[in-house]
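First the structure, in the form of structure tokens, and then the observations on it.
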Protein chains: 2
Amino acid sequence: MSSVTIKQLAEQLQLSTATISKALGDSYEISESTKKRVLALAKELNYIPNAYAGSLRHNKSKTIGVLVPEVTDSFFSLALNGIEEVALEKGYHTLIYLTHEKLSREEAILKALVGGRVDGVIMSVTVETDSFGHIHEFNRHLPVVFFDRVCPEIDTAKITTDDFECGYKATQHLIEAGCHKIVLLSISNSLSIISERTKGFKKAIAEYNLNEDDCRIVNCTEDPQHNYELIKEMMQSDNRPDGILATVEKLTTEIYLACQHLNINIPGQVKVVCFSNQPSAIILTPSLTTITQPAFEMGKVAATTLLKLLKNNTLRLKDECTVIPSKLIIRNSTTGQVNDTII
Amino acid sequence: MSSVTIKQLAEQLQLSTATISKALGDSYEISESTKKRVLALAKELNYIPNAYAGSLRHNKSKTIGVLVPEVTDSFFSLALNGIEEVALEKGYHTLIYLTHEKLSREEAILKALVGGRVDGVIMSVTVETDSFGHIHEFNRHLPVVFFDRVCPEIDTAKITTDDFECGYKATQHLIEAGCHKIVLLSISNSLSIISERTKGFKKAIAEYNLNEDDCRIVNCTEDPQHNYELIKEMMQSDNRPDGILATVEKLTTEIYLACQHLNINIPGQVKVVCFSNQPSAIILTPSLTTITQPAFEMGKVAATTLLKLLKNNTLRLKDECTVIPSKLIIRNSTTGQVNDTII
DNA sequence: ATTTTTTACTTAAACGGTTAAGTAAATATA
DNA sequence: TATATTTACTTAACCGTTTAAGTAAAAAAT
């Protein structure tokens, strides 16, 4: 059952455990011949060092924790991909925790992680995270790197994308495509990314002198069915929008469904832009204009930043903020011919 | 930096570390008054036990390892979701490793995990996994639960879906919808799920007396661009199929794109079924007929099974196989009106 | 009043490694 | 030849926690 230990190697070779340990660590204190014997036996018996013994001694776990709201979202799964790639390359292990957008989970997980299980954390906060005492408390013990959904109140590394500019560019694109009544579909009032995107949205509305009452913000929830009803209602109202800017990927399905069921043509009657990393955007009918975030890259940079700190803890994490731009990918949901999308 | 230890509690209360440890464990050996004092101080100083010290002592890590080919796939992200849910509920931690379909990664990861870092592993093998010595070796030390992509040669718990039946049902559905030349798009010759689905496919072909030369198997790769070319070529060949059964989700994009670009109507000229958990299946044009696997449920059962064993290691894992049926969800890509999908 | 049992602790070993300090023998230096 | 240095080890302490074994004092039983 249990694997080979240093003690067993020591006994077989009639050496002390210290000698074995140093031989395996290629120490100058050990003769070449002994090193060879140790390495050979270690290989033969398939010796694997116990991860926790070393961790306990060095107070280092070679493990990072990743807290994300969910993983069934292209952005987060791509980011996780990037994080895991860097971690594996640098010999780190990745503990994953899904908060399911619950602040209480986030709090409980961070509290548990102070116990030495991880050397640091990479996280994207929940939609509910409007207080941050738990993160601050965690950060007193261990380093935190935020990515995407950051906590402005915590002074640490933040890997983000240009949400403000993208909110602006997406709105500008809708306006220039002829929209006058643009609705921004939000999912939170506190989330950093949403508030940045919203600011960009508002700036464009103001700059182009659109009627601010027509260009409102509608709050969606975690419940797809509810969102569907909400969008359907919105699209049946007197003041129906002619442009939709959806701030999260998962709203795409409900927007397309509602328009299909109400027989509203995209882009003829309403033009749609989504913040999305879904590969299927290109095969939707009409193909979906997206703001596509550099998810994989953001994950890689977040992990690289954290691991850089763990290697050299004189680094000031607060100076390690990176902004990687997203791309506006224009497709038919904002520019397509109306005939393209008869349903 | 470092957190509070039992030693510090002991010193402050003028007690031994043993007393503190037992008080925290609510041992009968400790008086109620002492327990109260210990608990109070522990709470005040926010004592969190060091995870690895306990792990080292008990040779248990309260951690499970999850090996999946990738996480940017609805099936695996949903399954991970299910695994993490059960793990968190039972106080376990989840280490995630992405093999990226590389056997060498799978081997390296399993080897590293023998070092006590995990108490067991839940895995879905890579497309390259045609030997299994590494899994067998790992399994000598620690329990393994397979889900979805299993290794038939290893005697342990396997959580699967009814791939054979689904291969059959999907093919039958295509045949009954009028297809005579059905192509199965495969990604591997060794993968358990693919071979089961293929068997079901062949059974239906034989039962309905379709021409076996027209109903061939085409091998796709990990490269989307290559798959696109392959599908395009196939759809331009003399013997163009009138039905496609795609065994993995990610092929959807290339099928739809190729048909769009070649101006081939789905379902008019070719009907399509995909094994897929993508939520966007419903908003594609035409909406996509899918075999949808119980991904979340499979993840939950896999985790529950592993944790059941870890609690009671007299359990025989090989007796803990579960098959959870998938669903054929019929949509317009096989039954829709041709007019629905003019592009 | 004496012995036994119970209570409420402490001591020390253990988990599997690492490492500072110690040491005997071999080699180099004066 | 006597002393200093280097080589190649070993011993023992330590990381933070658990737990078997030991113990003194209090309570119960005889």
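Each chain gets a letter, A, B and so on, in the order its sequence line appears, and its residues count up from 1. Because only heavy atoms are used, hydrogens play no part in the values below, and waters and symmetry mates are left out as well, while side chains stay in. None of the values given here were measured: they were computed from a predicted structure.
- For NZ of B:Lys35, the number of neighbouring non-hydrogen atoms (other residues, nucleotides, ligands) closer than 6.0 Å is greater than 12.
- The stretch residues 22-41 of chain B comes close to DNA chain C through B:Lys22, B:Glu29, B:Ser31, B:Thr34, each having a heavy atom under 4.0 Å from the strand.
- With hydrogens and angles ignored, no donor-acceptor pair under 3.5 angstrom links the side chain of B:Arg57 to the base of D:dT17.
- Heavy atoms only, all atoms of each residue included: B:Thr99 and B:Pro69 are closest at OG1-CA, 3.1 Å.
- Rounding to whole angstrom units, CG of residue B:Leu45 and C1' of D:dG16 are separated by 16 Å.
- In this entry the distance linking OH of B:Tyr52 with P of D:dT18 reads 16 Å, nearest Å.
- Look at B:Glu101 and B:Arg149 and you find a salt bridge, because one of the NZ, NE, NH1 or NH2 atoms lies within 4.0 Å of a carboxylate O, short of that distance.
- A sub-4.0 Å separation between OP1 or OP2 of D:dC15 and a side-chain N or O of A:Lys60 is absent.
- What separates CD of B:Gln8 from C1' of D:dG16 is a distance of 11 Å, to the nearest Å.
- Using a 4.5 Å cut-off on side-chain heavy atoms (C-beta onward), A:Thr305 and A:Lys308 make no contact.
- Between the side chains of A:Arg117 and A:Ser55, not a single donor N or O lies within less than 3.5 Å of an accepting N or O.
- Atom OH of A:Tyr47 is separated from atom P of C:dG16 by 10 Å (rounded to the nearest Å).
- Atom CG of A:Leu15 is separated from atom C1' of D:dT7 by 15 Å (rounded to the nearest Å).
- As a whole-Å value, the separation of B:Leu13 CG from C:dA8 C1' is 15 Å.
- Distance, B:Arg117 CZ to C:dG16 C1': 14 Å, rounded to whole Å.
- Side-chain nitrogen and oxygen atoms of B:Ser21 include at least one within less than 4.0 Å of the OP1 or OP2 phosphate oxygen of D:dT18.
- To the nearest angstrom, C1' of D:dC9 lies 14 Å from CD of A:Gln14.
- Proximity of B:Val301 to B:Met298: side-chain heavy atoms (C-beta onward) are nowhere separated by under 4.5 Å.
- Close to C:dC9, at under 4.0 Å from its OP1 or OP2, lies no side-chain N or O of B:Ser16.
- Each ring-ring contact (aromatic ring centres under 6.0 Å, His included) pair with one or both residues in residues 39-80 of chain A, not counting sequence neighbours, appears once here: A:Tyr52-B:Tyr52.
- Residue B:His58 has no polar side-chain atom (N or O) positioned under 4.0 Å from OP1 or OP2 of C:dA14.
- Side chain of B:Leu56, nearest nucleotide from D:dT19, C:dC15, D:dC9: C:dC15.
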